[in-house]
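This report refers to the structure that appears directly beneath it.
Lettering follows sequence order; numbering is per chain, from 1. Remember, predicted model here, so these are calculated numbers, not experimental data.
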There are 2 protein chains.
Amino acid sequence: MVPATYKDIRRLTGLSLATISKHFNGGNVLYANRVLIDQAARDLGYQVNDFARGLRSRRSMTLGVVLAQLNSTFNTTIVAGMEERLREAGYGTIICDSRGSAAAETEALQFLIGKMVDGIVIVPVGDRVDGLEVAAERGVPVVAIDRPIANAAVDAVVIDNRAAIASAVELLCSAGHTDLALLAGPEVVFTMRERRIGFRETVKRRTGRLPRRALVGVDPISIEGGYAGMVRLMRLEAPPTAVVCANYEFTLGATIALNELAPDLPAPALVGFDNLELARVIRPRPTLVVQPVAQIAAKAAELILQRIAGQAGAEPRLEVLGTELVVGEAATYTLRRSRA
Amino acid sequence: MVPATYKDIRRLTGLSLATISKHFNGGNVLYANRVLIDQAARDLGYQVNDFARGLRSRRSMTLGVVLAQLNSTFNTTIVAGMEERLREAGYGTIICDSRGSAAAETEALQFLIGKMVDGIVIVPVGDRVDGLEVAAERGVPVVAIDRPIANAAVDAVVIDNRAAIASAVELLCSAGHTDLALLAGPEVVFTMRERRIGFRETVKRRTGRLPRRALVGVDPISIEGGYAGMVRLMRLEAPPTAVVCANYEFTLGATIALNELAPDLPAPALVGFDNLELARVIRPRPTLVVQPVAQIAAKAAELILQRIAGQAGAEPRLEVLGTELVVGEAATYTLRRSRA
DNA sequence: CCTTGAGAGCGAAACGTTTTGCTTAGGCTA
DNA sequence: TAGCCTAAGCAAAACGTTTCGCTCTCAAGG
């Protein structure tokens, strides 16, 4: 009923609390006594009380994760990868969802600090994050993923967004396309801003002029947004011959739109973003900019663990990872088809 | 640097620790003193230490959530809904991912118990869950969602799976279909087992005979599974005229397959499962069995809060919620089209 | 005038660990 | 043999709350 404590173990073994504690924390204890303690613990169904331990040691062996969107393959894949790595290091993980709301994000940070987490990994909602000062005061290290944080000096793991989009544009241009469109979200989101810049710059460099205004609209970051954007593009008087999608949602939405419209209209070439399971299923196999999710997870775990261990310098570190362009059939598909 | 404590507040206010504690827990304290304490707390940036509080009070004001799959709209939507309700009641939420692994599930339960959660909500991986005894011993209530737990007497919130599928079958039969197929996963998963039974029974009742063996295959619960299953069905010598998809993944996979194959083959009518955002985007608008996610979330929150408050009887309660059949265009679509 | 009870406050004892010194025994070196 | 070191163990003091009794005051009721 009532959980066992060190005192119960003391009763069964005759050892002192200090020795028992030492054993549970990997200190030097005689073999015979180790066995004794383990046996007693098993008999009692003993489990350490994290509250007492945390209160005294000021460590929780727990990390907090705050996600801008819980319901996103990209995020959850990274979290799963990180969790595994952190579990090996003895840390548990608490996941919070800020549901794209800055207020909820601040609240989540407070919750985590209250839970005395030893570190925080965050996919921020926006460029600025409120409530990080408390973490700084408490000495709780923070690592940002996917987007850096403007108003705090914290480590960050991001991809080279401009280069990522550039590689997509390069491919399309090399395949002969000259009229490229971009489906992307609003500039306030870091990744969208960067990808947009990468798109414009590369198009300019390769074709000699900036993309037409109608081809770089702003759509809501959602499947519907991608769908609507693609429909809009296809209804233009001069539709693009190729479309780059700036993230997963746009890719999916655009693909759906193409599937529906394809019978009636000549479909443009498509380059999508993120490693979606769908990619294995959609025909023609789409060309994709693939983020190194495993690497991102590993790097973030490494950064936060180093910070906790105090092995990192005062400077915030920025890790920029490269992306891969997995060429499918869709990039050149249409050119071939429209020629036929 | 080092966090403030009651002692600091005592220094600033001259009040005793007992009084300060009473105030922070809503007890009777003179207005003047309340103001004094609040002021001091603000000046000190005071935040209560959850470890000390939990150690003493044996309550954490935190609930644990264990998901069989973090990366699932269905699950995350429910979690988001529950979290909101629980936050209102003053509870924080810790989310764990068992990644479909029974071992990880047990580990997550231990982690949560160690964190002294006041209750656990779980979407179980399988019919049986290991590690629940500890929760029972500690008096930590558990509520299962989506699937009941066979080896423990806990509350559960599920939908009427047989009726859900039955409604889909009824609609298709009423539309004139006689050759129905089911895309579903293995029997070991509760929901799949139930939906399969519902399918067979209703087909039998409406058409007079059980569905052909080839039309009720077992596919992996994944988008690919749905895709492969649909392709297999369409390649049969006598393909079905209508297909029921037993969950979200199957629906999505099947839809993709249809989109690709449609130009070549007469497409069957399709009834899908779960309220996917995609539904708003796909044309023809699919008919869907929609789970009452908001209700499920609310009911689960209610059950766990009641248990914590000790207001529930000894009997485990089983809440069975109904589903809605949202009729789209696809159910009758093909019949019309194939007549044309 | 005495009793009763409620409101407000206090001191001190938990809660279950970790951690800090301090002992002791035994082995090694000089 | 003296001196020193290490391994192993112990008692007791934290850690920051909540909670259990007590006390005191003041107002109402008889």
Side-chain angles (χ1 to χ4, degrees), chain A residues 1-38 40-41 44-62 90 92 113-116 118 137-139, chain B residues 1-38 40-41 44-62 90 92 113-118 134 137-139:
Chain A
M1 196 71 250
V2 47
T5 73
Y6 280 2
K7 286 184 187 166
D8 298 305
I9 297 184
R10 170 172 66 184
R11 193 159 34 73
L12 294 200
T13 63
L15 294 167
S16 77
L17 302 183
T19 303
I20 298 169
S21 168
K22 210 196 261 180
H23 171 55
F24 280 115
N25 292 285
N28 270 331
V29 175
L30 279 189
Y31 176 74
N33 289 335
R34 291 209 297 267
V35 172
L36 220 51
I37 296 175
D38 285 339
L44 293 164
Y46 175 80
Q47 229 183 329
V48 318
N49 182 321
D50 277 348
F51 285 161
R53 169 175 282 178
L55 174 60
R56 185 56 235 240
S57 68
R58 303 174 149 293
R59 269 175 297 117
S60 65
M61 292 307 283
T62 301
I113 304 258
K115 287 267 168 294
M116 301 271 173
D118 299 335
E137 275 169 24
R138 300 282 169 109
Chain B
M1 194 69 250
V2 45
T5 73
Y6 279 2
K7 286 185 187 165
D8 298 304
I9 297 183
R10 170 171 66 184
R11 193 159 33 74
L12 294 200
T13 63
L15 294 166
S16 76
L17 301 182
T19 304
I20 298 169
S21 168
K22 213 197 259 180
H23 170 55
F24 280 115
N25 293 283
N28 271 330
V29 175
L30 278 189
Y31 177 73
N33 290 334
R34 291 209 296 266
V35 172
L36 218 53
I37 295 175
D38 285 339
L44 292 164
Y46 175 80
Q47 229 182 330
V48 321
N49 182 321
D50 277 347
F51 284 163
R53 171 175 280 180
L55 174 60
R56 185 56 235 239
S57 69
R58 304 176 149 291
R59 268 175 297 117
S60 65
M61 293 307 283
T62 301
I113 303 258
K115 287 268 168 292
M116 300 271 173
V117 293
D118 299 335
V134 194
E137 276 169 24
R138 301 279 168 110

Quiz prompt | Base C:dT18 paired with A:Arg56 side chain (donor-acceptor, <3.5 Å) | solution = yes

Quiz prompt | Check: B:Lys7 side chain, D:dG16 base, donor-acceptor under 3.5 Å | solution = no

Counting the atoms with a prime plus P, OP1 and OP2 as sugar-phosphate, which does [X] contact under 4.0 Å by heavy atoms, base, sugar-phosphate, or nothing?
X	result
B:Arg34	nothing
B:Tyr46	sugar-phosphate
A:Thr5	sugar-phosphate
A:Asn25	sugar-phosphate

Which nucleotide, [options], lies nearest any side-chain atom of [X]?
X	options	result
B:Leu15	C:dC10, C:dT17, D:dC10	C:dC10
B:Ala52	D:dT17, D:dA8, D:dC15	D:dT17
B:Leu55	C:dC15, C:dC10, D:dC10	C:dC15
B:Ala18	C:dT17, C:dT18, D:dT19	D:dT19

Exercise. Specify whether B:Phe51 and A:Phe51 have parallel, tilted or perpendicular ring planes, treating 30° as the upper limit for parallel and 60° as the lower limit for perpendicular.
Key: tilted

Would you say [X] places a side-chain N or O within less than 4.0 Å of OP1 or OP2 belonging to [N]?
X	N	result
B:Arg10	C:dG9	no
A:Arg58	D:dG16	yes
A:Ser16	D:dC10	yes
B:Asn28	C:dG9	no
A:Thr19	D:dC10	yes
A:Tyr6	C:dT18	yes
A:Arg59	C:dT18	no
A:Ser21	C:dT18	yes

Counting C-beta onward and ignoring hydrogens, is there a side-chain heavy-atom pair between [X] and [Y] closer than 4.5 Å?
X	Y	result
B:Ile9	B:Ile37	yes
A:Tyr46	A:Asp8	no
B:Asn49	A:Leu55	yes
B:Ile20	B:Lys7	no
B:Asn33	B:Leu36	yes
B:Pro3	A:Arg138	yes

Quiz prompt | Helical bend (five base pairs per end, nearest 10°) for the helix from C:dC1-D:dG30 to C:dA30-D:dT1 | solution = 40°

Exercise. Nearest whole angstrom, please: distance from the P of C:dG9 to the CZ of B:Phe24.
Key: 14 Å

Quiz item: In terms of side-chain geometry, is the basic nitrogen of A:Lys115 or B:Asp50 positioned less than 4.0 Å from the acidic oxygen of its partner?
Solution: yes

